[in-house]
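Remarks on the structure that follows.
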Amino acid sequence: MADNYQKICVHCQRPAVYFDRVRKIHLCRDHLMAFVEGQVLSYLKKIRLPPVIGIAFSGGKDSTALLKAFCRIRSELPCSFLALTVDEGIEGYRQDTIQAAEEICKTLDVPHQIIRFHDVFGHSLDQLVAGSERNACTICGILRRRALEMLAKEQKIRVIATGHNQDDHAQTALMNAISADVKKTFTGLAESSWYTRRIKPFSEVSEREVTLYAMLNGLFRNLPECPYAVSSLRGEVRTLLYRYERDHPGSMRNAARFEEEIRERLGDLFIRDSYQACIHCGWPGSGRVCQVCAVLQEKRIT
Ligand SMILES: [Zn+2]
Ligand SMILES: [Zn+2]
C-alpha cells in the first residue's frame, strides 16, 4: 500500500486509503465505507426478507463490521435486526470476546441475545473436546450451528446474516474442489421449514475491504486467536489464493463467483430435502442420529 499514499480518491479527489486492484480505482475513507455499505444494501434489497432478521455476531472482525454496516444504513434497510451470539465456553479466550461483543451492541444500540453451550448441551466446548482437541473445530462447528438455530427459534428469527466475505467463499469453493465435495457445494440450498435461511451480505466484499472497514470505524481489535485453531487445509488454500490474487487480480472474486454460478444454475438438480428426524432429539438431519447427538453420545454425556 506504500506507493498508494499520495493517490487520490476516484470520486472526490481526497487522499485515498485503499486501492481496488480489480477495478483499478483508489478510494478515500468515506468512499470505501460507502462502497462496503452499498454492497450490503444492494445485496439485501435483492432478496425477500422478513421484518426482523438475526446477525450472527461472534464479536470477531467480520461480524462486527457487518453489524456496523447494518447500523450505518439502518434507515434504508428493508428490515430491522438483532445480534445473536454463541458462547462456546473456551477458557481464557471467549470471556473477553463475549464481553467485547456485549459492549459493541450496547454502543451501537442493537438488541443482543447470547446462547451458551453450557446451558444447551450441559457442557462447555472445553469439556466436550477434552481428549479430542484435534477435532475441536469440527465439533465446535456442529454444535455452534445447532446453538444458533436454537437461539433463532427462541427469538422467532427465520433469516440469519453471517459475516462471510468474498475470500471465505473463494476458499470454500477451492476446498470443495480439492476434496471433490459436490454435495457441500449445494448444501443449504434446499428450502427448509425447520432451519433458518442463511444470507451473506459481504459475499461481494473482499477480506481486505472488510478489515479496512472495521479499522476505519475503530472496531478492529487484535483479538487473540482461538486456542483450538490448527493449521488446516483452509489456511493453505487461503495462502494460495492470496498469491493468485496478487499475481492475477480478480482470482478471488472469480473463484467465489464460480461456485455461486454453479449453485444458481444447477442447484435445482441437486436439491433433495432428504432430512430425517433424529431418533434422539427430533431435529432434522441426514441420518438416524443427527451430528449433534453423535458428538454428545461419543462423549457419553447424553
Ligand atoms: Zn472519496
Ligand atoms: Zn439429535
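Read the numbers this way: they start at 1 and go in the same order the structure lists the ligands and their atoms. This is a predicted model, so every value here is computed, not measured.
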Would you say Val159 and Thr196 make side-chain contact, with heavy atoms under 4.5 Å?
no

Answer yes when Arg265 and Glu261 have at least one side-chain N-carboxylate O distance shorter than 4.0 Å, and no when they do not.
yes

When you measure from the side chain of Tyr43 to the backbone N and O of Lys200, does any donor-acceptor pair fall under 3.5 Å?
yes

Surrounding CZ of Phe35 (heavy atoms of other residues, nucleotides or ligands, distance under 6.0 Å), is the total greater than 12?
yes

For atom CZ of Arg23, is the number of surrounding heavy atoms from other residues, nucleotides or ligands below 6.0 Å larger than 12?
yes

Answer whether the closest heavy-atom distance between the side chains of Met252 and Glu207 falls below 4.5 Å.
no

Does His11 bring an N, O or S atom to within less than 2.8 Å of the Zn ion (ligand 1)?
no

Vertex the Zn ion (ligand 1), ends Cys9/SG and His31/ND1: angle to nearest 10° comes to 110°

What protein N, O or S atoms come within a distance below 2.8 Å of the Zn ion (ligand 2), ordered by chain and number?
Cys278 SG, Cys281 SG, Cys290 SG, Cys293 SG

So, are Arg238 and Glu245 salt-bridged, with charged N and O less than 4.0 Å apart?
no

